[in-house]
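In what follows, a structure is listed as structure tokens, so that the remarks can point back to it.
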Amino acid sequence: MKLSPHRRLRRRELLRTLGSAALALPCLEILAPDARAQQAANTAKFAIFVYTNDGVYQNAFWPAGGETDFVLSDILSPLEPFRDKLLLLGPQLDSSNHPLTDTGLTYAQAPPQHRAPVCLTANVKNINLSLTKDEAQSPTTVNNYTDDTSSIDQLIAEAVKGESQFASLNLGMHCFGGDTVSDVNYLRGTAQKRVTSADEAWQRVFGDLVDASDPNATEGAQRALRRHGALKDFLHGRFSALRGHLGKADQRALDIHLESLGAFETRKQNLLEAGLGSSPGGCAKPTRREVPSDEEAVRTGSDTEQLSPLFMDIIAAAFSCGLSKVASVSFGYPGGGGEGGLRMPWLGFNNAQHGVSHHNEQAANVQKYSAMNKWTHAQVAYLMQQLDAMPYAGGSLLDQTLIYVFNRHGEGNAHTNFALPNLVLGGCGNHFKMGRFLKLPKTNPTNLLISLAHAMGVELNEFGNDALAAQGPLAGLT
Amino acid sequence: MQRLDLLLTGCALSLLSACTGDLLGDASDPAASEPGGGGGSASTGPIPPGQCAAVAPPLEARLLSPSQYDHTVSDLLGFVSSEATATFGATSSAPRSLAELDELTVERLAGTADRVAVRAVQNLATTFSCSANATADDACVRAWLAELGRRAFRRPLADLDLAQLHALYAAGAAEGSSASGVEWLLAGVLQSPDFLYRLVLNEPAEAGTVVALRGHELATRLSYFLWDSLPDAALFAAAEAGSLQSDSGLEAELTRMLQHPSFERSVQSFYDEWLGLDVFAEVARDHADFGKPVIDSLRASVQATLRALYAEPAPSADELLGGTRYYMDSVLTSFYGLPAGPPGFSAVDLGSEGRRGIITHPALMTALARPDQTYPIGRGLFVLESLLCQHLEAPANLLIPPLEPIPEGGTERDQLALHSQGACQGCHARIDPLGFAFQNFDEVGRLRQPALDTSGTVANTGDVAGAFANGTELFERIARSSTVRECFATHYFEYALARQALLEGGQDSATNADACSISPIRQAFLASGDLKQLLVTIAKSPAFRHRLVAGAP
């Protein structure tokens, strides 16, 4: 159950949390040496999880060449400027550079229909994709998972949050229209909602930051703080006035609501106060790029061309300002075909990605599919560029950031579960040996998820429950 | 209305092993597939109708839907608001449940309330009935607060409630003026659980007993059922006078409410939910001419159809399910290649295209499709769940292969034939033929030419069962079907009660509590076919007027 006022932290989860590098708790002293070792040098400070849909065109995706002298494919070519910060976890390839079946990162057998929930949870057993309307309305329903599953990004986010305002900034482009209730980011069984509009994302992160040199803005912020206090008193007064007049189920629902309200109020207050005094991290509001938000732009998907880089700007600035350490971005909705995923009319065609991904090797579709794949990777390169431009601890933010690009399929056409086009990017705090293209045998991505946690200084040695029961990090990465 | 739909969609459309036998039950056993009670004769439990009220379940809190929120704000403050729909309108971002009230949703509710409050101050003369110089302790301000609070919370206020409202207003007014008092107050009221939820407050002494709803509780239930909004002054007055407790007093209010302009809101809201048309806000098709004008007109066409239907004193189910008139404007006649009509929306007879009733409306055919092809599975599931109240249980741990592409020169039927073999047949044999019946309407609702094979056989679905030579034959069977009408009545009952009907059958009153309420509702609807009278019988039913007082935590 999400947001329970009586969270039950399992021992394993407690250990994961306490293993965090960011929690300076006295009890760290009693942790096992290997947990503390993780806090030493060579861990990344920031993480970004980038979800992409519908696989990639496998026959033109993987680099040619060897481990360090690899030559990027056209689809991956936007990443060339950062080739020393790439860790490409590829499959074994045939003489035409096409992947061999059941090599590379491979999801466990017999996953549910849509693999998205498994991507970061490695939990293939307790998925509940078929909520009825009534179940969804019930105050006690968990979303998607019938247990308290958390995805790796959310575990990391909770562990490293520290003083930052957002444990995890979850953004997504056109996250609607899917037909399975499905997602990739889970906290104790509940899918984490994403912000999908430019206005909301901007307002949420930077809306309360004022320019401290502007006296009018400062006065406005002081008034906003007083208003915030009065509203808080009133709303808490309302919740207590109702207590004692509600049945059990209603009280439970209102308790959940009140806990969410408390978290929101605290963050809002911190942001308002930060706006008044020294800005967090000494940062300034970044310049905001224009994103068309009219109905036609949203309907045709033409807004994505600007929305995507805006989201990348927001993430980089939020990291730089100390507002967050973990973010996730979703290119389209992870829940199946439905309205068909992203459209990229600026590429010269208006087809939705899902239909294009079922290309059946028809040349026109393959060309569109590859173009969409390439544009998506160009966006990842843009994100790296923004992080690279921001100074941090004697280097750049990119040096201290781990980016995991992941997909629910290998190839969209046949929904393959091998040769996943998942990439580890960024400096990763020198945790991994970067600048490499590995051709892996059949490899459980769960081990990689454990490696990612280690790279963020979060100790955990078992995770998920997929058929391969993965334990420990993936060998050969560090 | 959508369980299997959640699973059987996307590009992967078939159910493998788990979809046979075990979870579905024996397909030849009608009882196994009627959890919604749609099939055959009305299911009646062991509870005698006279004691129906004694088995009511608790009336649990429901979050206002985005449209209810907006309509309530509009009626409360006197200006049209669409802030909640703008914030939560996309189906995937609307909180589907209380359990989803996470921090981001709370933040969105705060932002929505803030924007409404700012607009209220811009319309201060409409919103606030006292002088701009009035202090927080003026009698006028206190009276205004009491009235606003009573309407916003939809119940009489206690002294504590009034004191808290007053304190917030006073804090805002202390910042300068009554305008800031109003702004702070509304921002608080609209985030308050009393406003956001349809709540029924308990007296602790009553726990465990079934009681009749009190006047204001029944008034609120009626107004959200029939107006999608809060009660008006006359309804509150009737509640306070106690006249809703008698059959005659209730009937008088129902008659008035069904003639009120706000009734159209709830009609729209019900049909959006029943037909799944709320997805229409996000529909996009690869078809080059299918842009915003066509989409807007399709939505408006459904509204025009319903408006014309419900303008009748006794709108008939025959017309809803079997009519051949569809409302088109110039955008739609042009897009669908029909002769131009007069300006605005006017009725066009499309019976010759094989269309029958709202279920073949081009808007619905579009909604139940993919960006670049039709979607027989979605259409079949719509018939099963929304028209026949058949609920396919989703098997656990599905391994669903993606569809093969449509064979060269073939259709979606050929694609599914490749797919629905072996173990998959358990579900697909029941779903697919119903979807194929609509195959002559493409992904943007146009008639396909030349015509495709729309024949099939319906299994295990009450009086709709049997072979049909083409889609129109099935649609006409649906239009006459008692099974479909009983199912429709059940859906409306669930809409009215904002919960699933408890019709599991058997002796357990907790799971079969609604059986004795719904049986006469269905019988009356079968006899009259009157869509408005159906709402009257639902509102008069014991299930609508009673509740179990739930125990304290």
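All figures in this text were calculated on a predicted structure; none of them were measured in a lab. Within every chain, numbering begins at 1; the chains are lettered A, B, ... in the order of the sequence lines, protein sequences first and strands thereafter.
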Select one option (side chain, backbone, both, neither) describing which atoms of [X] are under 4.5 Å from chain A's heavy atoms.
| X | value |
| --- | --- |
| B:Phe153 | side chain |
| B:Ala171 | side chain |
| B:Leu104 | both |
| B:Val549 | neither |
| B:Leu165 | both |
| B:Leu59 | backbone |
| B:Ala110 | side chain |

Drop me the distance from [X]'s [atom1] to [Y]'s [atom2], to the nearest 0.5 angstrom.
| X | Y | atom1 | atom2 | answer |
| --- | --- | --- | --- | --- |
| B:Lys292 | A:Thr300 | NZ | OG1 | 12.0 Å |
| B:Glu175 | A:Arg226 | CD | CZ | 4.0 Å |
| B:Asp161 | A:Leu242 | CG | CG | 8.0 Å |
| B:Gln164 | A:His236 | CD | NE2 | 12.0 Å |
| B:Asp102 | A:Leu261 | CG | CG | 12.5 Å |

Measure the shortest side-chain to side-chain distance between [X] and [Y] over non-hydrogen atoms and say whether it is less than 4.5 angstrom.
| X | Y | value |
| --- | --- | --- |
| B:Phe195 | A:Arg238 | no |
| A:Leu254 | B:Tyr197 | yes |
| A:Leu246 | B:Asn202 | no |
| B:Asp372 | A:Asn351 | no |

Non-hydrogen atoms of chain B under 4.5 Å away: do they reach the side chain of [X], the backbone, both or neither?
| X | answer |
| --- | --- |
| A:Val195 | both |
| A:Glu265 | neither |
| A:Arg243 | neither |

Query raised in the report: Is it true that A:Lys268 and B:Glu107 have a side-chain N and a carboxylate O under 4.0 angstrom from each other?
Result: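 Not counted as a salt bridge, because no side-chain N and carboxylate O are separated by less than 4.0 Å.
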Query - Cationic N near anionic O, under 4.0 Å, B:Glu183 to A:Arg227 - result: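 Judged by the 4.0 Å cut-off on N to carboxylate O distance, B:Glu183 and A:Arg227 do form a salt bridge.
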Report task. Determine whether more than 12 heavy atoms belonging to other residues, nucleotides or ligands lie under 6.0 Å from atom CG of B:Asp159. Result ->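 Counting neighbours around CG of B:Asp159, 12 or fewer heavy atoms of other residues, nucleotides or ligands fall under 6.0 Å, so no.
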Query raised in the report: Hey, is the main chain of B:Glu103 close enough, under 3.5 Å, to the side chain of A:Arg267 for a donor-acceptor pair?
Result: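 Between the backbone of B:Glu103 and the side chain of A:Arg267 there is no qualifying donor-acceptor contact (under 3.5 Å).
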Query raised in the report: So, A:Asn350 side chain and B:Asp286 main chain: donor-acceptor pair closer than 3.5 Å or not?
Result: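 Confirmed, A:Asn350 side chain pairs with B:Asp286 backbone.
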